[in-house]
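One is the number of the first residue; the rest follow in order along the sequence.
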Amino acid sequence: MTLPSTILGYPRIGAHRELKRALESYWASRTTQEEFLEATRQLRLANYARLTELGLTDPGAIPDSHTYYDQVLDAAFLTGIIPGRFADLDGLDAYFAAARGDATHPANEMTKWFDTNYHYIVPEIDSTTDVAYTDRQIVERFTEAAEAGYTVRPVVVGPVTLLALAKGTESEPGFDPLTRIDDVALAYAALLADLHDAGAPWVQLDEPALATDNLPADRTRLTKLAAAVYGQLAKLEARPRILLAVPYGDSSAAFQTLVGTGVEAIGVDLDRGTLPDGAKAEGVTIAAGVVDGRNIWRTNLRQAGDKLERARATGATVVASTTTSLQHVPHTLEGEAWEEPLNTNLHNWLAFADEKVTEIVTLGRGLREGWDAIADEIAASTAALDQRAGAEGVTVSSVRERTSALRPEDRRRGDAALRRALQRARLDLPLLPTTTIGSFPQRSELRVARAKRRSGELDEAGYREVLRNEIKHVVELQEEIGLDVLVHGEAERNDMVQYFAELLEGFAVTHNGWVQSYGSRCTRPSILWGDVYRTQSLGGEWIEYAQSLTSKPVKGMLTGPVTIIAWSFPRRDIPLREVADQIALALRDEVADLEAKGITIIQVDEPALRELLPLDADEHEEYLAWSVGAFRLATSGVREDTQIHTHLCYSEFNQIIGAIAGLDADVTSVEAARSRMELLESVEGAFTNDIGPGVWDIHSPRVPQTAELVDLIRAALENVASDHLWVNPDCGLKTRAYAETEQTLRNLVAAATQVREQL
């Protein structure tokens, strides 16, 4: 049975976010476990039906890439890699406790999946972990699909990537997870045997770790391990055919080694990577990733066809594929509408998941029948992309002139020590100042008002009054709790990127373009289609209003240029460094307006700084230069006594600690609670400005007690001087409920006060 043209994965949240609703209803005990399982079963079957309708009809063409929460967590539970602290739980209780924690069980760490905004749960393993094939859900889902008439291809994170992404346990923090590869390989062998017995013709094992330099283990070691493991798995007599996929980056260095393992098919990303010169792959199928699974621009079918033909030159059987899973893009363009002429343009320029499946089916037909068979489709894609290049707004001369006139001094501030002295005199804050990151929970009154505004039941004046009341509530609450630096709570913002996209030129936003960020958390990335510039305030009036309510400093809150790019679907026709400078200049204008309004602290968040770090080490220096430069461009126009903050969360920052210091923010807050201040070991000596390591993991529903927060503050003080340390949560509070928010903030202030008094 040959591998058909295929996709490496499909959005698993549902066209109408059915997974989100099922999860949150189950977690809130509004539905039973049986009802939750049935809801997710119906979602899977609906996705199979849709993919069949779109043309993926051959056995094995449809991937089963579904998950209840996260694919890495699934692979960990599949192989028994479950921390001992969950030993008193089983089934979904243990699974969700590892994902998000509960009152008595701290969650596993969470961090970014390669260079995407998807968050995975970090497995924990040590020398005593009882690794074994322990979870049959993947096999049961295959059987479920077969009974419904669909022969799907199970998708599993591969054994090398699973361990490359893992870390040691609390009892063995320095343990090297890859030393357990033989045990994990045996568990995967048992899975393959089980799938074979169930009748699965294909299985897909994802090994993106082979395409990155950004993991503790280097690619050479990982490739050798993959060669050994897949050589063993390929020799198994009773197993499905294996598609060994290496998505997200360039796998050319490993390609020839993987060909020699004996697996039947290899998936390669031919958008961000290439095949090696002179590659030979006779007897192997190449699933050639020529349709971008991570962005929403229409595929140039002529160029894709050329890549497929070059892959054929290796002697391999070639099928068309996506570069990655389509979990990173929305379901479909159907139902989306923008104002004319943008509406017509975007529908011609874009392809969401379903449209990408159609592109794959079309390219598959071209491979089978010859490119003349799809000549009309090739011509249509070429015409649409040519039209986009000349469309109004794609290039704006005044914007290009402004970026080309930039000087080095536009990205520099004065001496940090002098700034620090001036800011301390102006702000007069206590030792260990307390603050939050920016957003607060949005109460039902606000959500109802937002819905009524959309439907026309509430006019603009009425809506603005609701916003003022919400901001007043947030400011008064923070004063009553005793925080030192306040925020306005971001009541006016639907999302930390979309809000700005709606106010800046060069962006479009979707109506139903939801993408999973983690678990039940979904975002609607904006579409960055043209040159970016600012024609109106980005909401400074709300921060000014909040500041008028208190004598304490209120932070002005903005999202940084790199994060706006990373959490949008960016254009690919000009370098990202140019896009970043365009956004930075718009933010620089807003920062100047905030300062003129009397705002003394301005925070420009860059949580995606590490996220966009290229997977190839030889591209790091260039990326870090322009990304740091864009931040400094946005923030370097202020007075020396105006304090600039930034925030970074949920990424492995140790690798770029020098670049973070290079941002030259006066205060940097970072995620640190789940790892219990692990990051700070690399801060000492590299950081001279102030830092606020998070002491509250806001992605977990548990409320940390004062004593726990005291311990974390004291742990931070082992690496950070007391006069440089701030106390804050890991991230914004929008995802939390008010009861847990109020209680934890009270505990946070109490903990900071207790430690402060002991210094």
Side-chain angles (χ1 to χ4, degrees), residues 336-340 342-343 436-480 486-513 523-524 526-527 532-559 564 586-587 589-603 605 732-738 741-742:
E336 293 293 341
W338 297 274
E339 293 182 4
E340 295 293 351
L342 201 54
N343 185 50
T436 65
I437 301 306
S439 65
F440 260 66
Q442 297 196 347
R443 296 185 296 175
S444 59
E445 296 93 329
L446 178 59
R447 292 193 294 270
V448 169
R450 190 170 285 145
K452 287 184 176 180
R453 181 198 186 203
R454 286 195 301 267
S455 67
E457 296 178 62
L458 184 65
D459 62 17
E460 189 65 21
Y463 179 65
R464 291 174 67 84
E465 186 60 27
V466 172
L467 291 182
R468 290 172 69 90
N469 290 337
E470 190 72 13
I471 291 170
K472 187 172 185 289
H473 165 77
V474 167
V475 170
E476 289 176 346
L477 175 64
Q478 292 173 91
E479 284 200 308
E480 190 266 320
L486 313 187
V487 297
H488 78 296
E490 304 181 11
E492 79 283 9
R493 304 184 187 183
N494 45 24
D495 176 83
M496 66 180 292
V497 171
Q498 182 180 332
Y499 172 77
F500 296 105
E502 291 174 342
L503 296 172
L504 291 167
E505 301 301 316
F507 286 88
V509 298
T510 68
H511 297 279
N512 196 42
T523 64
R524 276 188 296 160
S526 302
I527 300 168
V532 178
Y533 56 101
R534 171 183 176 266
T535 60
Q536 58 187 310
S537 167
L538 304 182
E541 62 176 301
W542 301 114
I543 298 164
E544 183 181 25
Y545 171 64
Q547 185 63 82
S548 74
L549 301 173
T550 178
S551 60
K552 291 186 173 183
V554 174
K555 289 192 287 188
M557 305 299 304
L558 298 170
T559 301
I564 288 178
L587 295 174
D589 294 342
E590 184 70 14
V591 167
D593 281 358
L594 287 171
E595 188 177 51
K597 293 176 186 296
I599 304 303
T600 56
I601 301 178
I602 299 171
Q603 181 170 307
D605 290 339
L733 306 178
K734 184 179 178 181
T735 61
R736 300 273 50 91
Y738 252 107
T741 295
E742 290 187 32

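Rounded to the nearest 0.5 angstrom, Asp593 CG and Gln536 CD are separated by 12.0 Å. The distance from the CZ atom of Arg524 to the CG atom of Asn494 is 6.5 Å, given to the nearest 0.5 Å. Rounded to the nearest 0.5 angstrom, Thr535 OG1 and Leu503 CG are separated by 8.5 Å. Summarising the geometry, atom CD1 belonging to Ile543 is positioned 9.5 Å from atom NZ belonging to Lys597; distances are rounded to the nearest 0.5 Å. Rounding to the nearest 0.5 Å places CH2 of Trp542 at 7.5 Å from CD of Glu492. Residue Ile602 holds its CD1 atom at 6.0 Å from CD of Glu595, rounded to the nearest 0.5 Å.
Counting heavy-atom neighbours within 6.0 Å of Glu339 CD, excluding the residue itself, gives a total of 12 or less.
Nearest heavy atoms, Gly556 versus Leu594: CA-CD1, 4.3 Å. Taking both residues in full, the closest heavy atoms of Ala449 and Tyr463 are given as O-CD1, 4.0 Å, listed atom of the first, atom of the second, then distance. In this structure, Thr741 and Pro441 approach most closely via the heavy-atom pair OG1-CG, 3.4 Å. The shortest heavy-atom contact between Glu590 and Gly540 is OE2-N, 3.4 Å. Taking both residues in full, the closest heavy atoms of Val487 and Val475 are given as O-CG2, 4.2 Å, listed atom of the first, atom of the second, then distance.
Ring planes of Phe440 and Tyr738: tilted class, angle from 30 to 60°.
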Exercise. Does the side-chain contact (heavy atoms from CB on, under 4.5 Å) test come out yes or no for Arg464 and Glu460, once each step is laid out?
Worked result: CA-CA 6 Å; Arg464 291 174 67 84; Glu460 189 65 21; 4.0 Å; yes
For this session: Evaluate the side-chain contact (heavy atoms from CB on, under 4.5 Å) criterion for residues Leu549 and Glu476: first the C-alpha distance (whole Å), next the side-chain angles of each, then the deciding distance (0.1 Å), finally the verdict.
Result: CA-CA 8 Å; Leu549 301 173; Glu476 289 176 346; over 6 Å; no
Exercise. Does the side-chain contact (heavy atoms from CB on, under 4.5 Å) test come out yes or no for Arg534 and Phe500, once each step is laid out?
Worked result: CA-CA 10 Å; Arg534 171 183 176 266; Phe500 296 105; over 6 Å; no
Problem set entry | side-chain contact (heavy atoms from CB on, under 4.5 Å) assessment of Leu538 paired with Asp589 | CA-CA 10 Å; Leu538 304 182; Asp589 294 342; over 6 Å; no
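Put simply, the side chain of Lys555 gets close to the backbone of Thr436: a donor and an acceptor are under 3.5 Å apart. Formation of a donor-acceptor pair under 3.5 Å by the Gln478 side chain with backbone atoms of Leu486 is not found in this model. Looking only at distances, a side-chain donor or acceptor of Ser439 sits under 3.5 Å from a matching main-chain atom of Leu733. Formation of a donor-acceptor pair under 3.5 Å by the His511 side chain with backbone atoms of Ala337 is found in this model. Listed for the Gln547 side chain is a donor-acceptor partner under 3.5 Å among the backbone atoms of Thr550. Put simply, the side chain of Arg493 never gets that close to the backbone of Tyr499: no donor and acceptor are under 3.5 Å apart.
Put simply, the side chain of Glu480 reaches to within 4.5 Å of the side chain of Leu477, judged on heavy atoms. Looking only at side-chain heavy atoms (C-beta outward), Tyr545 and Arg468 come within less than 4.5 Å of each other. Two residues are said to be in side-chain contact when any heavy atoms from C-beta on lie closer than 4.5 Å; Leu467 and Leu446 meet this criterion. Using a 4.5 Å cut-off on side-chain heavy atoms (C-beta onward), Met496 and Asp605 make contact.
Residues that satisfy the side chain to side chain donor-acceptor pair (under 3.5 Å) test with Thr523, not counting sequence neighbours, are absent from this structure. Listed by chain and residue number, Arg746 satisfy the salt bridge (Lys or Arg N to Asp or Glu O under 4.0 Å) test with Glu742 (two or more places apart in sequence, or in another chain).
Between Lys734 and Glu490 there is no salt bridge, since no side-chain nitrogen of the basic residue lies less than 4.0 Å from a carboxylate oxygen of the acidic one.
Sorted by first then second residue, the salt bridge (Lys or Arg N to Asp or Glu O under 4.0 Å) pairs that include residues 443-452, not counting sequence neighbours, are Arg443-Glu470.
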